[in-house]
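Just below is one structure, and these are the notes that go with it.
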Amino acid sequence: MSQQKRYSMLVGMFLMGMVERVASHDYGNALSKSILFFEGQRSGKLPSNQRMTWRKDSALRDGYEIGVDLVGGYYDAGDNVKFNFPMAFSITMLAWSVLEFGKLMGTDLPHALEAIQWGTDYLLKATSVPGLVFAQIGDPYGDHNCWERPEDMDTRRTPYAVSGQFPGSEVSAEMAAALAASSMVFRPIDIGYSAKLLKRAKLVFDFADKFPGSYNDSLGPWVCPFYCDYSGYQDELIWGAAWLFKAIKVPYYWSYVIENTQKLENIINGGSFAEFGWDSKHAGINVLVSRLLASSNNPDGSPFIANADKFVCSVLPESPTVSVSYSPGGLLFKSGGSNLQHATALSFLLLVYSRYLGEANRVVYCGNVIATPSRLIQVARSQVDYILGSNPLKMSYMVGYGNKFPQRIHHRGSSLPSMDQHPQHIDCQGGSSYFSSNNPNPNLLIGALTGGPDINDSYADSRADFVHSEPTTYINAPLVGVLAHFKSHQSSQKV
Ligand SMILES: *[C@@H]1O[C@H](CO)[C@@H](O)[C@H](O)[C@H]1NC(C)=O
Ligand SMILES: *[C@@H]1O[C@H](CO)[C@@H](O)[C@H](O)[C@H]1NC(C)=O
């Protein structure tokens with residue numbers, strides 16, 4: 001072979017390598033960042049190993065006025081309220097991510113565990129007074145009228161609780177789910193902590209079940225329209241029971257799931273197969289239960305398997321019964337704000353269900369369309385790749401990942417100068433000029449996913465456009481598991 005030929009062959013191989021590297025993403029890097037994001041949302045006294053160091057201690061007196069320690073937990077999004085309903089869902093999803101994909105996380109696993117424990121330590125506090133469950137900390141109107149760093153916060157940190165007289169089954173049962181799922185995560189690591197979480201999960205679930213009702217009615221304008229429970233609380237009760245059954249295999253919880261699902265089926269009329277997020281748990285229940293059937297007394301899986309199959313057929317773009325939309329660039333869309341929450345949560349379910357299908361040696365039939373496990377994985381991967389930059393704007397929707405990412409996210413702490421740069425207090429209205437400035441945010445909230453582009457694949461990158469530019473914990477939490485899966489399958493990807 002001539003030098004010339006050998007040279008051009010080498011160039012060819014090099015170029016092929018380039019193409020492959022361009023076409024696939026660094027899922028491992030994205031995974032580390034998706035977990036780091038949770039450090040930026042921490043409330044309370046920050047530990048010495050805090051890596052996102054522009055954040056400092058905040059809200060150290062939460063609960064002080066009523067003599068209950070409610071310090072800690074997570075700010076939900078770009079504001080400084082602790083909304084425990086979506087927070088608990090985020091923790092459930094972090095725990096589920098670790099249960100399904102933790103073995104693939106490598107050196108990121110300890111950080112994922114820290115992210116869960118930051119949440120569960122707080123949930124233990126929020127459920128420490130018998131007969132009460134704290135549902136939220138911080139007056140949402142006062143908070144939303146200000147543009148303030150959490151470290152400066154001087155708005156009212158009112159604690160809102162539900163009780164036997166003023167029930168809140170959705171928020172309580174979601175906390176029970178988070179505690180039960182997390183107890184499984186910690187079982188091989190810290191049996192004492194795991195047992196504590198499990199014991200609390202059972203108590204909180206009993207409370208949610210014994211005093212049925214929605215926190216909509218009990219807390220009214222303090223929770224609506226912020227995190228109004230639109231889909232009812234039956235789904236959270238079933239979800240909580242399913243997680244408790246998964247954790248301890250006690251038949252009582254299985255019967256609870258079966259009996260209440262029948263009631264729910266009558267209520268929902270089959271319209272919610274592709275619903276899964278902080279409000280509605282429907283598709284999540286069906287997929288979760290598909291993984292439990294081996295230990296249950298109805299291995300045929302009725303109605304869960306049939307419903308999980310319908311979930312797949314509601315999501316796959318080629319399915320005749322698809323009920324979600326896709327942008328021209330291929331991003332999944334559902335109505336409502338913060339659209340990326342749907343892309344991440346539904347991708348998570350597709351991956352988990354592909355495992356069930358693989359184990360059961362099954363495919364899903366959507367009319368004449370056959371959905372194989374590998375097709376489900378492919379759809380999930382298309383969503384992750386879009387989010388990381390394979391899209392018409394060639395931008396990543398994860399802060400700090402790739403060359404082009406959102407610069408003006410709707411996030412108070414990220415958009416105001418840090419305490420290190422500007423130790424002086426910035427009051428409620430003092431932050432307005434930073435909010436309306438066209439400058440990029442000074443502090444990178446690394447790993448944060450925003451609400452994402454609009455249905456035409458455009459992105460304004462505007463702080464005021466919170467529907468698209470605000471990060472939330474429940475957009476990121478399911479992505480942690482999804483990224484762990486693709487990180488471990490990185491090398492087997494073809495262009
Ligand atoms: C909660 O309030 C919203 C808005 O008013 C309403 O649509 C929803 O049905 C309510 N949910 C429950 C469970 O009452
Ligand atoms: C997307 O584009 C279509 C067609 O040009 C237009 O009618 C629609 O309003 C656009 N939607 C958004 C959210 O920009």
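First listed ligand is number 1; within each ligand, the first listed atom is number 1.
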### Query
Do Tyr326 and Phe333 have ring centres separated by under 6.0 Å?
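Not close enough - the centres of the two rings lie 6.0 Å or further apart.
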
Those atoms of ligand 1 less than 4.0 Å from some heavy atom in [X]:
{"X": "Asn216", "answer": "1 (C), 2 (O), 3 (C), 8 (C), 10 (C), 11 (N), 12 (C), 14 (O)"}
{"X": "Gly232", "answer": "13 (C)"}
{"X": "Asp229", "answer": "1 (C), 8 (C), 10 (C), 11 (N), 12 (C), 13 (C)"}

#### Entry: Residues His411, Gln41; criterion side chain to side chain donor-acceptor pair (under 3.5 Å); working and verdict
CA-CA 10 Å; His411 189 277; Gln41 298 300 111; 2.8 Å; yes

### Query
Quick one: which of Asp454, Asp457, Asn456 has a heavy atom closest to atom 1 (C) of ligand 2?
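Among Asp454, Asp457, Asn456, the closest heavy atom to atom 1 (C) of ligand 2 comes from Asn456.
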
Can you find a protein heavy atom under 4.0 Å from [atom]?
{"atom": "atom 7 (O) of ligand 2", "answer": "no"}
{"atom": "atom 11 (N) of ligand 2", "answer": "yes"}
{"atom": "atom 4 (C) of ligand 2", "answer": "no"}

### Full working for side-chain contact (heavy atoms from CB on, under 4.5 Å) between Asn84 and Tyr160
CA-CA 10 Å; Asn84 295 356; Tyr160 303 90; over 6 Å; no

### Task
Check the side chains of Asn216 and Tyr227 for a donor-acceptor pair under 3.5 angstrom, ignoring hydrogens and angles.
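No pair is found: no donor N or O on one side chain lies under 3.5 Å from an acceptor on the other.
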
### Query
Taking atom types as modelled and ignoring hydrogens, do the side chains of Ser414 and Asn441 form a donor-acceptor contact shorter than 3.5 angstrom?
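Yes.
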
#### Entry: Side-chain donor/acceptor of Ser469 to backbone N/O of Ile409, under 3.5 Å
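Side chain of Ser469 to backbone of Ile409, a donor-acceptor pair under 3.5 Å: no, none is there.
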
### Task
Run the contact test for Tyr230 against ligand 1 with a 4.0 Å cut-off on heavy atoms, strictly below, and give the result.
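It does, in that a heavy atom of Tyr230 comes within the 4.0 Å cut-off of ligand 1.
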
